[in-house]
Amino acid sequence: MLCERCHERAATVHVTKIVNGEKTGYHLCEQCAKEQGEIMNPFIAGNAFDFNKLLSGLLNMESSPGYTPTQVNQLRCSTCGMTYNQFTQLGRFGCPDCYDNFASRLEPLLRRIQTGNSHSGKVPTKSGEKIQQQRRLEALRRELQKAVAEENFERAAELRDEIRTLEQNAGE
Amino acid sequence: MSLSDFLQRAMSRWMRDGGPDDDIVISSRIRVARNIQGYPFPILQTDSHATEVIQLVEQAMSTMSVNQLGNYEMVRCRDLSPLDRQVLVEKHLISPDLAQQDKHGAVVLRDDELVSIMVNEEDHIRIQCILPGMRLKESWQLATSIDDALESKLTYAFHEKYGYLTACPTNVGTGIRASVMMHLPGLALSGSIQRLLSAVSQVGLAVRGIYGEGSESYGNLFQVSNQITLGETEEEIIDNLQSVVAQLIGHERNAREQLLQRNRVQLEDRVSRSFGILAYARRMDSRETLERLSDVRLGIDLGIIQGVSAGILKELMISTQPAFLQKYFNRELSASERDIRRAALIRERLRQDDTEVHG
């Protein structure tokens with residue numbers, strides 16, 4: 001097949017355009033396609049279907065009571081300096097601390113793109129040990145409160161000792 | 001270099017070897033995203049941050065616990081030519097995004113190329129394990145053991161509530177992306193593919209073409225992967241994907257059986273024509289190549305075409321990509337030159353097998 005534009009070279013680029021639901025297709029050679037600006041290299045970022053653009057579209061749509069757009073846009077991560085506005089455009093955070101610094105805006109977003117808002121999977125061994133210990137301590141403290149409320153002082157004393165041992169271990 | 005030598009050297013193990021259900025499942029891939037505590041994500045990285053991250057990963061890679069898991073080599077993107085980077089993309093070892101990161105990016109490859117670790121792509125670390133056939137669990141075991149070994153040296157950015165922190169909140173939590181590449185010609189020919197795939201996307205899974213996000217699907221090849229990363233455990237994510245893939249496999253086998261019973265002659269005609277075109281054509285674009293290869297692979301699976309190795313689809317779908325062709329012919333090729341060379345490579349490859357077409 002020859003190029004539909006120059007009618008000289010072989011058509012190697014097949015362009016399909018969908019504008020307002022109407023589909024048109026034509027065949028060009030590599031050179032004409034380049035001249036027409038029709039070559040969209042799928043390996044070059046920034047094509048129209050970029051997921052992050054979709055995400056930032058989702059973020060920009062957000063409006064929630066209590067926040068006027070200017071206030072939201074001025075939210076800034078104190079660690080890396082990224083603003084919330086920048087995040088909505090890039091679809092990516094600047095550093096790990098952004099998660100805490102943008103926490104107020106993050107929850108509704110996570111509800112939309114994820115099933116839950118807290119992690120239940122794998123925990124790293126090193127920093128995870130601390131997290132697991134914290135989780136255990138919290139559970140023990142809740143149990144202690146319950147025991148006191150129920151005036152089960154024997155159980156409460158046991159729990160208090162257990163908590164003390166754990167806290168001492170954590171302090172070492 | 002002869003074609004068979006070139007292919008022998010250029011093929012990763014996932015392209016050569018088989019695996020469970022490999023008549024339908026091409027490969028099972030697990031990607032795990034991790035970041036190092038105390039450094040901005042690559043999007044805000046300075047040159048020195050990037051170099052430090054690369055050094056930290058390199059040190060972690062040289063520990064005993066990592067070396068027990070294979071032989072690894074790290075290379076920075078800037079030390080690879082654009083063509084070599086593109087070859088790695090075509091082999092699915094790095095992402096197109098990393099290939100663009102010639103300043104800050106690096107990749108660690110295991111010698112059998114079943115494992116690749118991208119450094120400073122969207123996240124600091126992305127561990128990728130790719131195995132042939134339906135082996136998601138095995139792939140996850142491999143990825144998680146490498147993750148553990150790296151973690152013994154590195155402190156990951158981990159949040160008590162949100163889990164592993166990633167640059168994009170679509171990856172936060174487990175940081176895992178499990179994906180299965182499937183060849184579904186039976187469902188495509190019987191016209192039920194769209195209905196099934198839209199059902200798949202309703203259970204929290206995504207369906208894409210073979211080169212990931214935004215790529216169209218040619219040759220009846222589809223990638224099915226999880227979208228949710230937060231709230232479910234890694235095992236739940238993998239089990240969910242696995243059970244959907246198992247159902248798709250069942251539907252595909254049924255569809256093939258039906259086609260054979262009801263439209264045998266048409267099917268034989270179709271796959272034989274495609275085989276003839278691949279064996280004799282003088283020009284082939286990459287789209288037609290994939291479509292014809294899909295037919296031929298279906299013909300092999302159904303016993304219509306004999307003597308051609310079933311691996312031909314995987315092998316040629318990779319080795320007829322633009323960068324691979326230019327590597328093999330050792331020169332830059334325009335699109336129309338590539339079509340001519342591609343056809344030549346396919347003819348030569350098909351002549352290596354002692355083929356027979358049964359009617």
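Here is how names work: the chains are called A, B, and so on, in the same order as the sequence lines, proteins then strands, and each is numbered from 1. Note: hydrogens, waters and symmetry copies are ignored here, and every other heavy atom, side chains too, is used.
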- Message: How long is the straight-line distance from OG of A:Ser118 back to CD of B:Glu160, given to the nearest 0.5 Å?
- Response: 10.5 Å
- Flag the pair B:Tyr39 / A:Cys95 as yes when at least one side-chain heavy-atom distance between them is below 4.5 Å, and no otherwise. no
- Query: Sub-3.5 Å donor-acceptor pair from the side chain of A:Tyr99 to the main-chain atoms of B:Thr166, do we have one?
  - Reply: yes
- Message: Under 4.5 Å from any heavy atom of chain A, what part of B:Asn35 do you find: side chain, backbone, both or neither?
- Response: neither
- Pairwise distance CD1(A:Ile113) to SG(B:Cys168) - rounded to 0.5 angstrom: 6.5 Å
- Query: Are a donor atom and an acceptor atom from the side chains of B:Thr174 and A:Lys122 found within less than 3.5 Å of each other?
  - Reply: no
- From B:Lys161 NZ over to A:Asn117 CG, what is the distance, rounded to the nearest 0.5 angstrom? 4.5 Å
- Message: One thing to verify: whether A:Arg92 and B:Asp123 come together as a salt bridge, which I'm taking to mean a side-chain N less than 4.0 angstrom from a carboxylate O.
- Response: no
- Query: Would you say the side chains of A:Gln114 and B:Thr229 form a donor-acceptor pair under 3.5 Å?
  - Reply: yes
- Interface residue of largest heavy-atom contact number with chain B, from A:Gly81, A:Pro96, A:Cys80, under 4.5 Å: A:Pro96
- Any chance you could measure A:Thr79, atom OG1, to B:Leu44, atom CG, to the nearest 0.5 Å? 11.5 Å
- Message: Can you tell me which portion of B:Ser334 sits under 4.5 Å from chain A's heavy atoms? Options are side chain, backbone, both or neither.
- Response: both
- NE2-CZ distance between A:His119 and B:Phe158, expressed to the nearest 0.5 angstrom: 4.5 Å
- Against chain A, work out which of B:Gly38, B:Ala99, B:Ala335 has the most heavy-atom pairs shorter than 4.5 Å and name it. B:Ala335
- Between CG on residue A:Leu106 and OH on residue B:Tyr162, distance to nearest 0.5 Å: 4.5 Å
- Please look at B:Leu230 and chain A and tell me whether the side chain, the backbone, both or neither of the residue comes under 4.5 angstrom of a heavy atom of that chain. both
- Message: Measuring only between side-chain heavy atoms, which start at C-beta, is A:Cys98 closer than 4.5 Å to B:Phe41?
- Response: no
- Query: Checking heavy atoms, do the side chain of B:Leu154, its backbone, both or neither come under 4.5 Å from chain A?
  - Reply: backbone
- Task: Please answer whether the main-chain N or O of B:Gly231 pairs with a side-chain N or O of A:Ser120 as donor and acceptor at a distance below 3.5 Å.
- Result: yes
